[in-house]
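Note sheet for the following structure.
Atom set for the values below is all heavy atoms of this structure, side chains included, hydrogens, waters and symmetry mates excluded. This one's a predicted model, so the numbers in the text were calculated from it and none came from an experiment. Each chain gets a letter, A, B and so on, in the order the sequences are listed, and its residues count up from 1.
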Amino acid sequence: MASMLLTSLRSSPLTSVQAAQFAARSLSTSVHLQAQAKSKKTLAKPGVKNIVLVDGVRTPFLQSGTTYADLMPHDLARAALQGLLNRTGLPKDAVDYIVYGTVIQEVKTSNVAREAALGAGFSDKTPAHTVTMACISSNQAMTTAVGLIAAGQCDAVVAGGVEFMSDVPIRHSRKMRKTMLSLNKAKTLGARLSLLGSIRLAHLSPELPAVAEFSTAETMGHSADRLAAAFGVSRLEQDEFALRSHTLAKKAQDGGMLSDVISFKVPGRDIVSKDNGIRPATMEQLAKLKPAFIKPHGTVTAANSSFLTDGASAVLIMSEEKALAMGYKPKAYLRDFVYVSQDPKDQLLLGPTYATPKVLEKSGLTLNDIDVFEFHEAFAGQIMANLKAMESDWFAQTYMGRKTKVGAPPMEKFNTWGGSLSLGHPFAATGCRLVTTVAHRLQKEGGQYGLVAACAAGGQGHAMVIEAYPQ
Amino acid sequence: MASVRLLVTRSGCTALKAITGHGQRSLSVSSAVLARTHVSYEVKDNVAVVRINDPTSKVNTLGRHMQAELVEVINEIWGNSAVKSAVLISSKPGSFIAGADLNMFQACKTAEEVSYLLQAGQKMFEQIEKSPIPFVAAINGSCLGGGLEFAIACQYRIATKSKKTILGTPEVMLGLLPGAGGTQRLPKMVGLPAAFDMMLTGRNIKADKAKKMGLVHQLVEPLGPGLKSAEERTIEYLEEVAVDFAKGLTGKKVTVEKKKGLMQKVQDFVMGLPPVRKQIYKTVHNKVMKQSKGLYPAPLKIIECVQTGIEKGNAAGYLSESENFGKLAMTSVSRALIGLFYGQVACKKNHFGQPEREVKKLAVLGAGLMGAGIAQVTIDKGVATILKDTTEEGLARGQQQVYKGLNDKTKKKSLTTFERDRIMSLLSGQLDYRGFENADMVIEAVFEDLSIKHKVVKEVEAVIPPHCIFATNTSALPIKDIAAASKRPEKLIGMHYFSPVDKMQLLEIITTSKTSKDTTASAVAVGLKQGKVIIVVGDGPGFYTTRCLAPMLAEAVRALQEGVGPKKLDSLTTGFGFPVGAATLADEVGIDVAAHVAEDLGKAFGTRFGGGNVEVLKMMVQKGFKGRKSGKGCYVYGAKSKEKKVNSGAEDILKSFKLTAPPAVSADEDIQYRLVSRFVNEAVLCLQEGILPDPVQGDIGAVFGLGFPPCLGGPFRFVDSYGADKLVQKMKHFEEAYGNQFTPCQLLLDHAKDSSKRFHK
């Protein structure tokens with residue numbers, strides 16, 4: 001009921017700029033008329049609970065193998081959870097549920113959500129589960145939270161994601177594992193000795209976690225290079241975009257925009273309070289790098305790809321009523337979201353292209369309505385390819401069954417505080433960073449709607465519309 | 001070391017794309033001066049990009065017209081001082097250059113004429129090899145024969161890593177040799193052993209293997225769709241990359257020579273020793289002789305050309321190459337193989353039109369060897385398939401067979417494990433008729449027994465929708481007898497697959513007088529989708545293939561009874577050109593099947609199908625000697641030893657049925673001709689009776705289904721080349737000794753009387 005009240009309150013003030021934009025839009029197509037019928041200012045839907053982002057934090061994102069090197073994944077997740085508690089002053093028992101994302105699983109903490117929650121001092125009565133969906137794992141964690149709240153099962157959920165690339169599970173070979181398991185069952189000394197005797201040198205070669213897409217056996221960098229080539233994205237364009245990302249990130253960092261970053265006292269080390277992968281270089285320096293995947297004529301290099309990163313993030317998601325009742329001033333509404341999936345071979349990283357028009361349609365918005373774009377930058381080439389695909393009527397008609405293109409986001413609204421290329425990309429932690437950044441940018445820039453989009457391994461993608469909470 | 005895989009039924013010449021319909025091209029040569037139609041070029045940043053595209057065909061071939069335009073363009077490029085390098089690329093997706101235009105050679109009357117044509121090609125490629133500016137061949141799709149020879153004359157080669165990109169010298173499969181410098185350049189490029197392997201087997205080489213061998217310098221990944229279709233963009237990208245490399249070559253940033261590893265250096269050193277080379281020539285020669293039985297001249301000529309080039313220099317090598325090619329083009333073996341190639345192309349088309357509805361869901365009854373095989377080749381092409389059996393054990397065995405068939409492909413890397421799983425997901429193994437109500441076609445492969453087949457027809461017709469086609473897989477039961485139980489005989493058709501289904505290319509489709517044209521069209525469409533070479537024949541006991549094979553096997557049994565041992569019999573038949581010896585063939589087919597067929601057809605055709613005593617086969621079956629599948633037949637199987645051992649139990653049976661061999665007709669050659677003439681006579685009789693629609697399908701069926709010697713081109717081409725009169729003479733001689741089994745049929749007699757009558761023009 002409170003939410004309805006708010007909705008009606010918020011529907012009155014309308015800035016002149018928005019009104020003008022709106023008028024212009026309504027002339028163009030009939031879709032806009034529908035949008036007009038709804039409230040221009042809020043995407044609240046009758047009968048659907050308003051769900052809000054109360055706040056979001058993250059540990060500094062560090063290049064793997066640096067200061068976090070000796071931790072375990074749940075340590076990072078713990079730091080993010082504790083940071084969220086500190087930031088929000090949330091009583092630990094007020095949380096109904098915890099959902100956490102992770103991609104490369106530490107086998108000792110396969111339900112890393114539970115281990116981290118217990119370690120962070122949450123009540124042992126708060127259930128926690130872990131989700132995985134490649135680079136959109138924490139998006140999945142957040143939308144799971146949204147679902148729990150929308151279904152009336154929970155009122156306050158913590159979602160987040162963690163990735164720890166400084167240590168990955170490296171296994172014995174299958175043959176060796178088989179021998180070792182048989183060894184457990186062997187009853188007699190003779191049987192054990194004969195099993196031990198069967199071990200050959202080949203048994204000892206270790207098995208690294210797959211860096212390749214399971215279905216196609218292609219590494220993501222390789223696929224990104226092919227994607228860039230398919231859309232005719234040049235090396236120069238990619239280097240320029242990478243440089244832009246680092247430059248903007250540096251500016252945001254120096255300007256104190258990255259307020260979602262919490263300080264973290266790493267056990268046995270110093271306090272870390274800044275991302276360490278932001279390195280604006282010159283175009284000449286970038287041009288010197290050799291291609292990293294397709295040699296010698298490829299265009300994707302180490303500098304125009306996101307790097308291996310350690311980091312964790314967490315957000316507090318609540319029903320609007322609960323947040324208000326607890327005296328919080330939410331940062332944003334989490335509105336419509338979609339998941340998409342497509343060909344994991346040739347369209348592995350085109351998730352944003354597929355997800356964007358779908359989620360906009362769901363919200364009754366067009367690209368022009370969006371004030372803030374935060375796209376996950378897996379590779380500069382991947383972002384440029386997506387932008388080109390979004391600008392192509394042919395692509396929309398041939399592969400997406402749409403009549404026209406959705407259009408590419410204007411660069412002045414796009415990832416203006418840097419992105420995964422520069423800030424880093426701890427796979428499962430990136431989603432929360434994107435959503436929190438949208439909320440912060442909307443607040444800072446006074447925008448109304450934000451859009452998050454990301455691609456993920458497996459040829460999947462995600463997009464979410466976020467609405468600013470009235471100031 | 002090189003192994004020789006000649007044109008046996010299983011391998012075929014799939015590498016060669018259709019090369020037809022170029023006859024009209026030579027007419028337009030004069031107008032080519034005005035506007036070029038096949039070759040164009042533009043200069044980009046001092047790089048001349050030469051694009052080839054034959055507007056009259058799906059593939060590019062090197063014919064007179066193409067060659068003339070190429071020479072013109074290349075001369076223009078050399079004359080243009082702004083051009084510092086060149087890229088050669090095809091605008092066609094899936095085909096760089098698929099080879100030389102065969103019609104061009106076939107139009108020649110003499111070996112000299114052919115040699116002359118070849119010398120023109122050799123000259124052009126030699127000029128390119130010695131070109132003052134570097135040429136980069138950008139290869140996407142088939143790069144075969146003359147196309148490969150063109151590419152290896154260029155200074156640099158880049159190929160797409162597409163599945164369609166194949167490189168090879170398939171000339172040997174047509175009884176020819178790589179005649180435009182291939183025998184000279186390949187050994188230098190990839191080394192003697194690899195070159196022999198390529199040229200003597202004609203095998204297709206995929207792009208990544210080509211890179212490893214040193215046949216291409218760089219690989220380019222095929223792209224997915226972008227702002228253009230995947231195919232279009234891939235060619236564009238290949239061109240961009242090739243242009244970059246061309247510039248790199250001019251600027252000396254890219255070197256042609258690849259760094260040699262230690263192994264390569266050692267190999268080069270060893271190959272540099274004349275006695276070693278001599279030994280290699282000898283070994284390869286012996287191997288070829290062993291495998292080809294000396295019946296195929298081309299492999300020997302290839303060795304000769306390579307040897308001449310290496311030992312006596314380029315000039316002698318080129319001369320030997322062009323002369324030998326000319327000679328080979330005039331041989332009956334080459335004509336036979338080329339005839340088979342064209343026949344195969346013709347049998348890969350649907351001559352019955354587009355079926356009314358596409359078969360999207362297929363059901364196979366019986367998960368035995370055949371049923372599972374049919375299911376495998378169907379799901380392999382993306383068609384959802386039900387595999388139904390009556391018992392869980394039978395079903396499990398069948399499903400395992402399908403899985404193994406696909407899994408073997410993953411071991412050979414032609415399929416990824418993931419693709420295998422996706423394909424397997426199309427297979428639904430079950431014991432009931434669930435889902436049959438949505439089936440578009442049912443193929444039954446149950447036990448060969450008329451009453452069981454009748455029962456199945458009735459059961460199935462009760463559950464399938466009205467449009468569903470019922471196909472029966474039988475090797476000998478007349479289709480009309482099976483159709484007698486059907487309420488809808490117009491939807492019933494015979495589809496005779498050959499075992500193992502996933503390896504054998506032939507499918508024999510049998511129509512009855514009641515089968516509708518649409519049913520036939522649909523069956524052919526399904527067969528083509530399964531990748532089969534298809535002959536469509538009329539109904540009758542044994543149809544065409546089984547009917548030809550039965551008298552030959554009867555004769556083989558007689559020979560065995562007369563005391564010719566299985567090994568001797570095998571060597572006599574393989575010596576004639578059969579890829580599999582008669583005794584081994586019987587084991588492969590199954591002695592029980594052979595007995596069954598012999599008895600059935602014996603009843604239908606009477607004494608003409610006599611010869612060996614059917615009781616021999618029956619006794620063997622009784623003793624459990626059912627052939628390879630039971631571990632014992634004419635031979636003993638199972639042990640991994642290479643040497644096959646004759647089954648002494650079978651020998652005992654043969655002794656108890658011993659016949660005395662009439663000395664007048666029992667020389668080695670007599671035995672060969674006794675076997676072959678019965679086969680051929682029956683084939684001609686099938687044509688005479690209208691079971692066979694034409695000699696082409698007769699030849700294809702015999703070679704691809706039964707292993708009739710490919711070098712002879714099939715029974716009909718054999719009659720043409722051997723001479724019907726000579727064959728009739730031989731048969732009459734045998735007839736005197738054995739009776740009506742050797743009575744030549746009327747059509748054969750007609751051909752014997754009038755030598756102008758030929759089955760093939």
Side-chain angles (χ1 to χ4, degrees), chain A residues 174 210 212-219 221-235 237 290-291 293-300 342-350 353-354 381-382 384-400 405 408 458-459, chain B residues 87 136 138 140 156-163 207-208 211 216-249 251 253-256 258-259 410 413-425:
Chain A
R174 182 79 187 248
E213 196 70 13
F214 183 75
S215 61
T216 62
E218 188 182 25
T219 64
H222 200 275
S223 189
D225 204 318
R226 287 197 307 114
L227 185 73
F231 282 92
V233 180
S234 69
R235 167 77 183 265
E237 282 176 279
K290 287 197 171 147
F293 301 98
I294 293 185
K295 296 162 189 172
H297 52 275
T299 52
V300 173
Q342 60 283 335
D343 172 16
K345 173 80 183 163
D346 288 332
Q347 305 193 342
L348 181 71
L349 304 170
L350 283 182
T353 300
Y354 281 85
Q382 165 259 335
M384 299 311 290
N386 271 285
L387 297 184
K388 292 193 184 204
M390 290 165 87
E391 264 304 335
S392 163
D393 278 327
W394 182 83
F395 190 86
Q397 286 154 5
T398 317
Y399 292 98
M400 295 166 66
K405 63 185 181 187
Chain B
V87 167
V136 176
N140 178 48
Y156 205 79
R157 282 161 297 285
I158 302 175
T160 59
K161 221 174 144 183
S162 149
K163 272 191 175 173
D208 39 2
K211 168 98 194 299
V216 300
H217 297 86
Q218 281 300 335
L219 295 182
V220 165
E221 291 289 328
L223 300 181
L227 301 175
K228 287 174 183 170
S229 74
E231 276 181 340
E232 209 179 328
R233 180 59 197 143
T234 299
I235 293 180
E236 229 177 59
Y237 178 56
L238 172 65
E239 184 181 307
E240 289 164 16
V241 174
V243 166
D244 273 353
F245 274 103
K247 284 187 209 159
L249 282 169
K253 281 182 197 143
V254 177
T255 45
V256 172
K258 140 178 134 167
K259 274 186 208 135
T410 67
K413 302 243 161 93
S414 65
L415 211 63
T416 67
T417 54
F418 197 77
E419 285 165 333
R420 173 201 67 201
D421 296 347
R422 295 272 297 212
I423 294 170
M424 271 311 275
S425 74

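- Here His222(A) is the residue among Lys388(A), Lys345(A), Gln347(A), His222(A) with the most heavy-atom pairs under 4.5 Å with chain B.
- With rounding to the nearest 0.5 Å, the separation of OG1 in Thr234(B) from CZ in Arg226(A) is 8.5 Å.
- Within the model, atoms CG of Asp346(A) and CZ of Arg233(B) stand 13.0 Å from one another, a figure rounded to the nearest 0.5 Å.
- A heavy-atom distance below 4.5 Å is not found between the side chains of Arg422(B) and Ser215(A).
- Among Pro222(B), Gly226(B), Gly224(B), the residue with the largest count of heavy-atom pairs under 4.5 Å with chain A is Gly226(B).
- The CD atom of Gln218(B) lies 12.0 Å from the NZ atom of Lys295(A); values are rounded to the nearest 0.5 Å.
- Between chain B and the residues Ala389(A), Ala217(A), Pro296(A), Ser392(A), the largest count of heavy-atom pairs under 4.5 Å involves Pro296(A).
- To the nearest 0.5 Å, atoms OG1 (Thr398(A)) and NZ (Lys228(B)) are separated by 13.5 Å.
- Once rounded to the nearest 0.5 Å, the distance linking CZ of Phe214(A) with OG1 of Thr416(B) reads 9.0 Å.
- In this structure the side chain of His297(A) reaches within 4.5 angstrom of the side chain of Phe245(B), judged on heavy atoms.
- Among all heavy-atom pairs drawn from Pro225(B) and Ala230(A), the shortest one is O-CB, 3.9 Å.
- At least one side-chain heavy atom of Leu227(B) sits under 4.5 Å from a side-chain heavy atom of Phe231(A).
- Ser229(B) and Trp394(A) get closest at one heavy-atom pair: N-CH2, 3.3 Å.
- With a threshold of 4.5 angstrom between heavy atoms, Glu236(B) does not approach chain A through any atom at all.
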